[in-house]
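As the structure is a prediction and not an experimental result, all values here were calculated from the model.
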Amino acid sequence: MLPLPQAAWVYRCFESVKARAWLALFLCLVLGMAFIPGTNILNYYASLVLALPGSFVALWLGVHAARRTRGAYMSLRDRALLSFYVALVPSLLALGILLVNAFRVRNCDPLEGVAFYAFGAGFSMLFAAQVGGVCGLVVRGRVAYFWAALLFFAWTASDALSLYTEPVIYAYSPFLGFLSGAIYDDVIVLDVRYAFYRLFNLAQLSLIWSSLYLLWDGEVSRLRWLRLSTFNVRRWTPLAISLVLVVSLNNIASTIGVSPTREANAQFLAGELRSERIVLHYDAAEIDLDEANRILDDHHYHLEHLDAALGEVYSERIRSFVYSSQKQKVALMGARRVEVAKPWLREIHLTRPAFGASVVRHELAHVVLGRDAAWPLNLPAKWGVFPHAALVEGAAEALEWSSADYSLHQWSAALIGLEIDVDIATLMGAEGFYAEPPGKAYTLSGSFMRWLLDTRGASAFRDVYRDADFERAYGEPLKSLARSWRSFLGEISLPKGLEAEAKLRFDREALFFRPCPLESARLQLEVVDLLLSGQGEEALAQARRLLSFNPEAPRSQLRYMAFLAQLGRFSEAQGLANTARTRRDINAPMIARYELYVGDAAWRHGALPEAEAAYRRVLDVALEPALRRASAVKLSIVSDSEREPILGPYLMGAMPPPEEERKKWLEETLAYLHDAL
């Protein structure tokens with residue numbers, strides 16, 4: 001409970017009609033979020049959405065509280081506490097609304113959600129109120145609100161500048177908390193860096209208030225600039241300590257990954273190769289010089305392909321950062337599961353690509369196409385700030401055009417046949433892309449843009465990338481182009497079973513509509529890490545918790561089957577597969593994957609005849625070429641008493657096998673092949 005004087009002052013601050021209006025507006029935002037998928041549960045996204053508006057309201061309340069108490073006799077400490085308490089009111093009310101809403105909308109991990117809120121929006125609002133309180137003390141009159149708002153926006157813009165000028169895709173800000181970066185990179189956790197940053201924010205507040213302490217005249221309860229003319233050790237000591245603390249924490253911020261720079265990342269990776277077109281930074285500790293040269297040659301190959309496709313040689317030098325692992329990449333620049341390009345910086349960031357990997361061309365395409373788009377992002381963007389994501393990704397997909405078993409045109413035709421596609425005109429809008437699952441959005445936009453490139457030529461393709469004005473670039477409205485594209489897809493002859501595969505692959509919910517998206521992504525990563533470290537029982541426990549989020553969903557069960565297969569839990573995997581065969585909502589392609597995992601589980605369990613039978617069942621129902629190839633290879637090995645002891649441990653052993661064992665198995669395999677031939 002608050003001390004009575006503080007409680008009285010908090011009440012007096014909210015007697016103002018304006019204060020109540022700001023509070024009401026903020027709470028209306030929270031209530032609105034309760035009905036929007038993705039923000040209607042207490043998690044990272046809800047905290048992120050609330051942070052900036054909540055901080056601005058708290059900033060106003062901080063100034064308001066300082067002005068209401070300007071003539072009152074109150075210590076500097078009590079004024080700081082008052083700023084804290086007035087921000088605590090909207091912060092706790094917002095948290096309460098989201099917690100109450102948890103009785104209506106399932107929250108998979110409420111404690112984690114509270115932690116995200118505490119570190120994010122909650123802390124940001126308390127910080128902003130302190131800044132507002134200081135502005136209200138230092139600046140007299142209503143102009144204090146203006147200066148507080150100016151400081152708020154300038155500070156936020158300064159923190160966001162690193163997103164534009166440096167390789168990182170994440171950002172830390174006192175008023176925002178943590179911005180994770182790529183929306184599809186959904187493994188977001190509270191880590192040491194976030195805790196360090198909030199400690200740094202506390203040091204900043206300490207520096208601000210200790211500076212005011214130098215000027216504070218307790219006898220008249222006001223600031224007096226003349227106090228700077230006298231030296232007093234007791235008054236200067238807090239400022240000195242706070243200054244040392246802020247400077248020290250700021251100096252180590254880049255070291256622990258709070259604000260890494262391009263130079264620091266390049267120095268950490270240590271490896272560098274240069275050509276006329278590429279500057280390649282690579283992890284010299286894991287990638288040797290021969291592999292780095294192959295990666296550089298691969299970059300040149302893809303650039304030459306892009307030059308030919310677009311009809312002009314790209315003349316600027318591109319900087320490419322190649323990280324040895326996802327773990328290293330997320331630590332140095334923030335992306336884990338996604339590859340990243342920043343066209344305005346002419347940079348791409350990749351996780352150790354295999355030679356010939358089409359994703360290299362995709363990311364290079366973003367940079368090359370950027371020459372046709374406007375500053376500041378070198379992307380087609382609404383108002384220059386909000387990218388037309390479907391055009392950006394669709395154009396890169398069109399130029400990548402990987403040589404998989406099925407083309408994007410075939411997948412798109414299958415989607416239209418299933419009637420689970422989306423209106424391409426809506427998808428190509430500034431907001432339509434993120435309303436769809438990524439697989440569907442990338443496929444449809446990529447097919448549409450490839451059709452435009454093939455039928456209308458590179459010149460118009462580059463022209464529309466400038467500003468997303470399809471009618472200007474192509475001389476006809478987007479809806480007319482969409483109808484022609486659909487007619488083209490309608491003439492494509494589809495391989496048998498492709499529609500069933502498309503339903504399995506694409507008929508899923510968008511990220512914000514999935515149950516427990518962040519918790520599921522985090523648990524999947526934890527299960528894999530536990531499996532890699534040999535902690536099978538712990539991995540199984542987490543996998544069961546992951547399944548509990550949506551236990552009856554076929555995809556959830558299939559994901560659980562993959563973990564069972566890795567652990568050799570044959571009986572349990574077989575039981576799930578038997579149940580799946582009787583369900584009417586599971587199609588043949590999904591059954592084939594169930595059977596594949598049953599075979600893997602049986603093989604690891606040592607039940608070789610059962611594994612052989614399972615792989616044969618896969619071949620009976622599977623239509624996807626890649627799945628049939630994998631099953632045929634496994635069947636040929638598990639059914640051969642000579643090859644199975646040699647290749648079996650390599651396919652079904654540890655994840656991944658130790659290097660010495662890999663070498664041993666390779667030697668034995670080569671010896672076997674030599675004898676066989």
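- Using bins of under 30°, 30° to 60° and over 60° for the plane-to-plane angle, the ring pair Tyr301/His305 lands in the tilted bin.
- A salt bridge links Arg569 with Glu537: at least one charged nitrogen is closer than 4.0 Å to a carboxylate oxygen.
- The backbone N or O of Gly439 lies less than 3.5 Å from a partner atom in the side chain of Thr443, making a donor-acceptor pair.
- Residue pairs meeting the disulfide bond (SG atoms under 2.5 Å apart) criterion with at least one member in residues 512-602, sequence neighbours excluded: Cys108-Cys516.
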Inset, instruction - Start with the C-alpha distance between Trp485 and His409, add both sets of side-chain angles, then the distance that settles ring-ring contact (aromatic ring centres under 6.0 Å, His included), and finish with yes or no. - result: CA-CA 10 Å; Trp485 169 69; His409 289 330; 8.1 Å; no
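- A salt bridge between Arg616 and Glu595 is absent, with no side-chain N of the basic residue lying under 4.0 Å from a carboxylate O of the acidic one.
- One finds no salt bridge joining Arg361 and Glu397 here, because no Lys/Arg side-chain nitrogen approaches an Asp/Glu carboxylate oxygen to under 4.0 Å.
- Under 4.0 Å is where a charged nitrogen must lie from a carboxylate oxygen, and between Lys634 and Glu644 no such pair does.
- Within the structure, side-chain hydrogen bond (donor to acceptor under 3.5 Å, both in side chains) pairs that include any residue of residues 546-557 comprise Gln557-Tyr594 (at least two apart or interchain).
- Counting heavy atoms from C-beta on, the side chains of Val322 and His281 never come closer than 4.5 Å.
- With 3.5 Å as the limit, one finds a donor-acceptor pair spanning the side chains of His349 and Glu347.
- For the pair Glu526 and Arg522, the salt-bridge criterion is met [side-chain N within less than 4.0 Å of a carboxylate O].
- With ring centers used as reference points, Phe506 lies under 6.0 Å from Trp411.
- No side-chain donor-acceptor contact under 3.5 Å links His605 and Glu610.
- Checked against a 6.0 Å centroid threshold, the rings of Phe433 and Tyr442 count as neighbours.
- With respect to Arg545 and Asp109, a salt bridge is recorded, a charged nitrogen being found less than 4.0 Å from a carboxylate O.
- Electrostatic pairing of Arg628 and Asp620 does not count as a salt bridge here, judged by no charged N lying under 4.0 Å from a carboxylate O.
- A side-chain contact (heavy atoms from CB on, under 4.5 Å) with Tyr615 holds for exactly one of Val633, Leu635, Val598; it is Leu635.
- The number of heavy atoms from other shown groups lying within 6.0 Å of CZ (Phe268) does not exceed 12.
- With sequence neighbours excluded, no residue forms a side chain to side chain donor-acceptor pair (under 3.5 Å) with Glu499.
- Between Ser358 and Glu400, the side chains place a donor N or O and an acceptor N or O closer than 3.5 Å (distance only, hydrogens not considered).
- Taking a cutoff of 4.0 Å between a charged side-chain nitrogen and a carboxylate oxygen, Glu501 and Arg505 do not qualify as a salt bridge.
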